[in-house]
Amino acid sequence: MSATTPKGLTRLAFGGDYNPEQWPESVWQEDVRLMREAGVTMVSVGIFSWALLEPEPGRYDFGWLDRVLDLLHANGIRADLGTPTVAPPAWFYRAHPEALPVTPDGVRLAYGSRGAICHSSPAYREAAARITTELARRYAGHPALALWHVHNEYGVPVSACYCDGCAAHFRRWLDGAYGSVEAVNEAWGTAFWGQRYGTYEEILPPRTTPTVGNPAQQLDYRRFADATIRENFRAERDILHELSPGIPVTTNFMTALSQCDSIDYWAWGREVDLVTNDHYLITDGRRTHVNLAMAADLTRSVAGGAPWLLLEHSTSGVNWQPRNPAKRAGEMARNSLAHVARGSEGAMFFQWRQSRRGAEKFHSAMVPHGGTDTRIWREVVELGAGLGALEEIRGSRTVPDVAMLWDWQSWWAQKLEWRPNEAHDARERADGFYETLYDRHLTVDFAHPEADLSAYPLVVVPALYLMTEAAGQNLREYVENGGTLVVSYFSGIVDEHDAVHPGAYPGALRDVLGLTVEEWSPLLDDQRVGLAGPGGAALTGDVWTEFVRPRGAETVWTYADGPAAGGPAVTRHRLGRGTAWYVSTRLDAASLDAIVAAAAEDAGIPSRPSLPRDVEVVRRAGAHGHYVFVLNHTDAEAKVPLDGPGTELLADGEVTGSLTVPAGGVRVVRLDG
Ligand code: GAL
Ligand code: ZN
């Protein structure tokens, strides 16, 4: 089953996690009254309610949830109903302490928080299936039910367990994947450091070792942990499909690497009926709206380009970072509408009413501690009205310009220890390339390295250390058939077992790039290199340099100094009907932009509109029309040229060739014709 919308939801989703169990029932009436005032269309309920729904093993108390769902229904609000399996009750752990997860150094974590789960535990699996079955039986026919929300954010806070039960499960998984201990030895290269295994029983999870553990074993353990967690999602999903047919099933992803890096969302995207995502701004000195756009683009890509849904973000500050700034006036709406521009069918929040007690009482909410006479509440009401005015965009699709290759498995491999330079960070390079494309006002699709790329004029490969031979072949065909490719250093080095591809670097990419890399020469922290190029222009790099030998590629930029002085730094290979660029150092932002500009020209992409980089322009197209979203993240009014006349949906009014967007504001135009 695949759905692009929760059942019965006829407007964009607007609402949040609703935890009425934290409040006396007298507050619930006020809740729904305020929800109606704000134009809330859907809320998420029951996500952490296991201990209340099943206070003792096998004894259920659904009365309060019945009343909540009835109340929502009576007020025209749809329900995204959680299975509470991320928070088992204390009685469960007392009976099954073995279901608590164990860290790599052997510490068994305690209950009393959330997410303390060993996903291999048979007792956990059985208890989760039981409560899911009871919920599905009780609520399958409830008129408020729009969407099933399984668990919460699989993969965090515990991404893997290292207990004896998991060890046994891992051995079974290995047998399924490899068929024999011999094959495992071969794939893991256990001849090195005398790690050879005689039987499966000898194999352990990658627990804490005196020095670096086997990298292929660690990589497989990541895969195993991800697959194990996915088994548990599937088990719940299948119960819901069977007992509650016609209601789509989701689980909330966190596609941003900075928020969850342990889940292979390419695989998960195929398992859910509707892709949903949670996103929080990270205060790390970078432009948060760029990071948001990247996460939204990645989520849409995981959904195969189809509409998806932002299930959680924050109205203002969060409470789990060292510093938690409040959002500025208008920022919440810009964040929400940026997700919508990039494919979300609404904007939901954690949470509806700010808690008085518990770990998240200082996290912002739709109804803050200060009540309704607050800036947050006024902006919530305004956003609800804005989303109401955008109803017609439902079902339309975001229009991409270019693609970036992305692979969580490569990220896992890349993060393992003992690499040429710790300062090389795959995420930083992906962010850097994304930012360059964002600043050129190009909308990015993310693609798996083995996916069909033929729709994209330009494909960038920021840091894809692990690449299968099939992926290399895919890129070669893409270029031969007319594509333009830009590859950054330390890509295509190892295969799926973290084994270096045979022959010279970069094994998976030698042919398509028309070069080999004889050796890399990483730079020290304060070292920079200059690059000399066409017309005496200069670029700057750091972190990494290489000794590149062209074998068909032309040298476009040369190292002016540094370890590889005089040698090629940036090359370009014409192959078939296309072109492949290679960048062998970490270019600073302006330098990278120069290379991307040259490649975009090869790709025939029109040059960038003369807009400030922080004026974001994104398109969605569908049966009802072609929409242009303009988000002005600057402090000045912006004038944006349009392809033709149209109708402004948020501010109401006709627009002709150009659109004026106030400082910090958002406009959405349906183009005529
Ligand atoms: C999410 C989680 C929510 C809440 C939120 C706070 O990761 O799903 O339950 O904790 O973070 O930002
Ligand atoms: Zn375990």
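Values reported hereafter were calculated over all heavy atoms of this structure, with side chains retained and with hydrogens, waters and symmetry mates removed. In each ligand, atom 1 is the first atom listed, and ligand 1 is the first ligand listed.
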Numbering as shown, the atoms of ligand 1 that approach [X] to under 4.0 Å (heavy-atom distance):
{"X": "Glu360", "value": "4 (C), 5 (C), 6 (C), 10 (O)"}
{"X": "Phe48", "value": "9 (O)"}
{"X": "Glu153", "value": "1 (C), 2 (C), 7 (O), 8 (O)"}
{"X": "Asn152", "value": "2 (C), 8 (O), 9 (O)"}
{"X": "Trp320", "value": "6 (C), 12 (O)"}

- Query: Angle subtended at the Zn ion (ligand 2) by SG of Cys163 and SG of Cys118, to 10 degrees?
  - Reply: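 Taking the Zn ion (ligand 2) as the apex, I get 110° for this pair.
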
- Query: With the Zn ion (ligand 2) at the apex, how many degrees lie between SG of Cys161 and SG of Cys166, rounded to 10 degrees?
  - Reply: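 It is 110°, given to the nearest 10°.
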
Determine yes or no for a side-chain-to-main-chain donor-acceptor pair under 3.5 angstrom, with [X] supplying the side chain and [Y] the backbone.
{"X": "Tyr124", "Y": "Thr85", "result": "yes"}
{"X": "Arg78", "Y": "Lys7", "result": "yes"}
{"X": "Ser262", "Y": "Asp226", "result": "no"}

- Task: Decide salt bridge (charged side-chain N to carboxylate O under 4.0 Å, His left out) for Arg300 and Asp297; before the verdict, give the C-alpha distance in whole Å, the side-chain angles of both, and the deciding distance to 0.1 Å.
- Result: CA-CA 5 Å; Arg300 179 186 66 256; Asp297 282 348; 2.8 Å; yes

- Pair Asp66 + Arg138: basic N to acidic O under 4.0 Å: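 Yes, this pair counts.
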
- List the steps, then state whether side chain to side chain contact (heavy atoms under 4.5 Å, CB included) holds for Ser316 with Glu331. CA-CA 8 Å; Ser316 188; Glu331 192 175 356; over 6 Å; no

- Item | Proximal candidate to atom 11 (O) of ligand 1 [heavy atom criterion; set Phe349, Phe350, Tyr280] |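 Result: the heavy atom closest to atom 11 (O) of ligand 1 is in Tyr280.
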
- Message: Under 3.5 Å between any N/O of His363 and any N/O of ligand 1: does that happen in this structure?
- Response: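 Between His363 and ligand 1, an N or O pair is found under 3.5 Å apart.
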
- Message: With respect to Asn252, determine whether any N or O atom, backbone or side chain, lies less than 3.5 Å from an N or O atom of ligand 1.
- Response: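 There is no such contact.
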
- Under-4.0 Å heavy-atom contact with ligand 1, by part of Asn319 that carries it: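 None of Asn319 does.
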
- What part of Arg114 sits under 4.0 Å from ligand 1 if we count only heavy atoms: the side chain, the backbone, both or neither?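 Near ligand 1, Arg114 shows its side chain, while the N, CA, C and O stay back.
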
- Does the gap between the ring centers of Tyr154 and Trp268 come in under 6.0 Å?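 Ring centres of Trp268 and Tyr154 closer than 6.0 Å.
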
- Message: Check for me whether the distance between the ring centres of Phe350 and Tyr280 falls short of 6.0 Å.
- Response: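 No, they do not, as the ring centres are separated by 6.0 Å or more.
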
- Is His119 close enough that one of its N/O/S atoms sits under 2.8 Å from the Zn ion (ligand 2)?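 Checking His119: none of its N, O or S atoms is under 2.8 Å.
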
- Is the Zn ion (ligand 2) less than 2.8 Å from an N/O/S atom of His169, whether that atom is in the backbone or a side chain?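 No N, O or S atom of His169 is closer than 2.8 Å to the Zn ion (ligand 2), so no.
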
- Using ring pair (Phe, Tyr, Trp, His ring centres under 6.0 Å) as the criterion, point out the one residue from Trp412, Phe170, Tyr162 that pairs with Phe224.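 The residue from Trp412, Phe170, Tyr162 that satisfies ring pair (Phe, Tyr, Trp, His ring centres under 6.0 Å) with Phe224 turns out to be Phe170.
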
- What is the closest protein heavy atom to atom 3 (C) of ligand 1, and at what distance does it sit?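 Heavy-atom neighbour on the protein nearest atom 3 (C) of ligand 1: Glu312 OE1, 3.4 Å.
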
- How many angstroms lie between atom NE2 of His119 and atom CZ of Arg230, to the nearest 0.5 angstrom?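 If we round to the nearest 0.5 Å, His119:NE2 and Arg230:CZ are 12.5 Å apart.
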
